[in-house]
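Atom set for the values below is all heavy atoms of this structure, side chains included, hydrogens, waters and symmetry mates excluded. Within every chain, numbering begins at 1; the chains are lettered A, B, ... in the order of the sequence lines, protein sequences first and strands thereafter.
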Protein chains: 2
Amino acid sequence: MPRRKSLDHVVVPQAVMRRLPVYYRYLGALLARGTERVSSQELSRMIGITASQMRQDLSYFGSFGQQGYGYRVRDLHRAITEILGLHRTYQLVLVGVGNLGRALVSYPSFANRGFRFCGLFDNDPRLIGSEFCGLEIRPVDTLADFLHQCPVDIGVITAPPEVAQQIADVLVAGGVPAIWNFAPTSLKVPKGVIVEHTHISESLMVLSFRLNNPEEADTSVESASNQ
Amino acid sequence: MPRRKSLDHVVVPQAVMRRLPVYYRYLGALLARGTERVSSQELSRMIGITASQMRQDLSYFGSFGQQGYGYRVRDLHRAITEILGLHRTYQLVLVGVGNLGRALVSYPSFANRGFRFCGLFDNDPRLIGSEFCGLEIRPVDTLADFLHQCPVDIGVITAPPEVAQQIADVLVAGGVPAIWNFAPTSLKVPKGVIVEHTHISESLMVLSFRLNNPEEADTSVESASNQ
DNA sequence: TAGATTGTTAATCGATTAACAATC
DNA sequence: TAGATTGTTAATCGATTAACAATC
């Protein structure tokens with residue numbers, strides 16, 4: 001019987017947290033293929049980690065398997081969906097409707113999960129007033145007002161680094177609890193506000209480093225860094 | 001006197017490697033501001049790590065400071081530029097000219113450093129033959145030929161996950177030594193080929209997890225994960 | 001029941017931090 | 001010279017792996 005632990009006073013290590021989406025992705029693929037059961041050995045081999053690590057990771061959240069059998073793909077997939085919070089919906093605003101912003105807004109798998117964009121903001125007069133994906137692009141100086149009327153879970157910053165901090169300040173003042181930042185800059189936010197940086201250019205620099213420093217060790221590295 | 005070590009038989013830990021772009025970014029900001037010197041204490045405090053860690057990290061590559069003085073911003077910035085391989089140029093091809101692909105091709109700071117896109121590929125008949133940023137968009141089935149004529153350092157995959165592996169195979173067969181993968185899927189490549197994944201959707205899932213699991217620990221986390 | 005595989009505890013490994021001698 | 005700060009060694013901390021009793 002799958003049993004989920006309360007997480008109230010358990011601290012989940014960063015490294016574990018970052019592997020959850022990987023489990024989710026592989027389980028989703030197995031589910032789509034109609035596979036019913038999987039052992040920690042099988043799944044971990046596909047992913048390229050040890051079975052120990054996978055079982056240890058899952059143990060932070062509960063017991064989802066069955067001795068002698070393994071895991072029901074469907075059950076484990078659902079468990080991780082809930083652990084990741086992918087069973088609910090989120091309201092998002094996005095500031096900076098450039099190519100990257102448009103890529104995020106139109107990315108179908110975000111909408112297919114519960115990530116709903118409800119406001120787009122930019123300062124370019126050529127964009128303001130036009131529509132993208134059925135949403136009006138509004139001036140950034142109306143963001144504060146917008147946040148008063150419509151509660152938002154996640155603010156996405158795809159604007160230039162020079163204005164990223166100002167935007168973050170407006171989001172925080174407007175009560176947005178989490179910021180997804182693509183600007184290549186750090187953000188100062190009060191304690192309790194969640195910031196997740198996705199620094200695309202840092203990923204390219206790591207690639208460049210690796211090209212110039214042939215490693216003897218294994219060669220495939222997934223991207224996700226932390227501060 | 002700054003002295004760079006040979007890296008021939010030193011293995012640089014992943015964690016150290018992922019912090020290099022962060023040092024680079026902060027040093028770039030100091031340089032732009034005209035700051036001449038910085039101590040490990042000052043710089044590490046800005047970044048939010050310990051001075052020990054920063055000095056330990058740098059020691060993998062050489063000695064760049066001066067006792068009693070600290071580091072010359074200009075020298076350390078140049079040293080890290082070279083360590084990251086940002087002093088040379090790279091030829092890139094990009095496969096999948098959707099919004100994300102266009103965002104990368106038109107991102108000015110890639111071109112300003114040495115990252116030069118020399119070929120764009122897509123399979124959409126509406127795109128093939130048209131131009132973006134001065135480059136013709138070519139059919140994917142001409143990629144193999146293209147790679148024979150024009151040596152490429154980095155292949156960027158911004159295509160749907162279903163075709164990502166096929167594209168990777170063509171890149172590898174064409175002698176491309178490094179792949180920058182944005183498709184939400186793992187790639188199988190021969191040993192020695194470098195793959196850097198930037199899974200944007202995993203970053204969003206981590207954000208969602210953190211929204212649902214209030215941590216007591218510190219709140220700001222930079223993104224970059226590994227496989 | 002016998003075989004398989006989990007969940008968890010203990011051992012190992014690697015990364016971070018502290019401390020300090022070297023030295024500018 | 002005295003003060004400051006590096007580069008590096010040693011100590012601590014955390015994450016990964018191995019091992020195994022519990023049990024389906």
Side-chain angles (χ1 to χ4, degrees), chain A residues 1-5 10-20 22-23 36-45 47-73 75-76 79-80 83 215-218 221-222 224-227, chain B residues 1-5 10-20 22-23 36-45 47-73 75-76 79-80 83 215-218 221-222 224-227:
Chain A
M1 252 250 97
R3 257 285 311 265
R4 173 131 182 236
K5 272 182 198 167
V10 193
V11 177
V12 178
Q14 289 265 332
V16 174
M17 181 175 76
R18 304 252 157 222
R19 279 190 293 269
L20 293 173
V22 180
Y23 297 133
E36 258 193 22
R37 71 166 276 281
V38 73
S39 67
S40 60
Q41 166 119 203
E42 289 164 339
L43 185 53
S44 63
R45 172 163 303 165
I47 297 177
I49 61 174
T50 64
S52 250
Q53 180 162 72
M54 184 191 137
R55 295 202 302 275
Q56 180 77 285
D57 284 356
L58 293 180
S59 75
Y60 282 95
F61 305 101
S63 307
F64 306 103
Q66 211 169 308
Q67 282 102 326
Y69 176 84
Y71 303 85
R72 299 193 153 279
V73 172
D75 291 350
L76 188 54
I80 292 183
I83 290 165
E215 310 130 89
E216 40 258 283
D218 76 318
V221 178
E222 292 228 350
S225 58
N226 301 27
Q227 164 175 321
Chain B
M1 250 249 97
R3 254 289 309 264
R4 173 132 181 237
K5 272 184 199 169
V10 191
V11 177
V12 178
Q14 289 264 334
V16 174
M17 182 175 73
R18 304 252 158 222
R19 278 190 293 270
L20 292 173
V22 180
Y23 297 133
E36 258 195 22
R37 72 165 276 282
V38 72
S39 68
S40 60
Q41 167 117 206
E42 289 164 339
L43 184 53
S44 62
R45 170 164 303 165
I47 297 177
I49 61 175
T50 63
S52 252
Q53 180 163 72
M54 185 193 137
R55 295 202 303 274
Q56 181 77 285
D57 285 354
L58 293 180
S59 76
Y60 282 96
F61 305 102
S63 307
F64 306 104
Q66 210 170 310
Q67 283 101 325
Y69 176 84
Y71 303 85
R72 300 194 152 277
V73 172
D75 291 350
L76 188 53
I80 292 183
I83 289 165
E215 309 131 270
E216 40 257 285
D218 76 317
V221 178
E222 291 227 351
S225 57
N226 301 28
Q227 165 177 317

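- In this structure, B:L20 and B:D57 have side chains that are not in contact, with every pair of non-hydrogen atoms separated by 4.5 Å or more.
- Comparing A:V16 and A:G68 by the nucleotide of DNA chain D that holds the closest heavy atom to each, the one mapping nearer the 5' end is A:V16.
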Report the C-alpha separation of B:S44 and B:I49 in whole Å, then their side-chain angles, then the decisive distance to 0.1 Å, and conclude whether the side-chain contact (heavy atoms from CB on, under 4.5 Å) test is met.
CA-CA 5 Å; B:S44 62; B:I49 61 175; 3.9 Å; yes
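- The two atoms that bring A:S39 and A:E42 nearest to each other are N-OE1, 2.9 Å, heavy atoms only.
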Mind running side-chain contact (heavy atoms from CB on, under 4.5 Å) on B:Y71 and B:L43 for me, showing each step along the way?
CA-CA 10 Å; B:Y71 303 85; B:L43 184 53; over 6 Å; no
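- In terms of heavy-atom proximity, B:Y60 sits nearest to B:V11 at CE2-O, 4.1 Å.
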Take B:I83 and B:Y23, measure what side-chain contact (heavy atoms from CB on, under 4.5 Å) needs, and give me the verdict at the end.
CA-CA 11 Å; B:I83 289 165; B:Y23 297 133; over 6 Å; no
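- For the helix from C:dG3-D:dC24 to C:dC24-D:dG3, the terminal axes (five pairs an end, C1' atoms, rotation from four pairs onto the next four) enclose an angle of 10°, given to 10 degrees.
- Contact record, A:S40 with A:R55: OG-NH1, 3.0 Å, taken as the closest heavy-atom pair.
- Within residues 49-56 of chain B, the residues that place at least one heavy atom under 4.0 Å from DNA chain D are, in residue-number order, B:R55, B:Q56.
- The two residues B:F64 and B:L58 come nearest to each other via the heavy atoms CE1-O, 3.7 Å.
- Boundaries of the chain B contact region on DNA chain C are C:dA15 to C:dC24, first to last in 5' to 3' order (nucleotide atom under 4.0 Å from a heavy atom).
- In plain terms, the two heavy atoms of A:R18 and A:V22 that are nearest each other are O-CG2, 4.2 Å.
- Closest of all the heavy-atom pairs between B:M17 and B:V12 is N-CG1, 4.1 Å.
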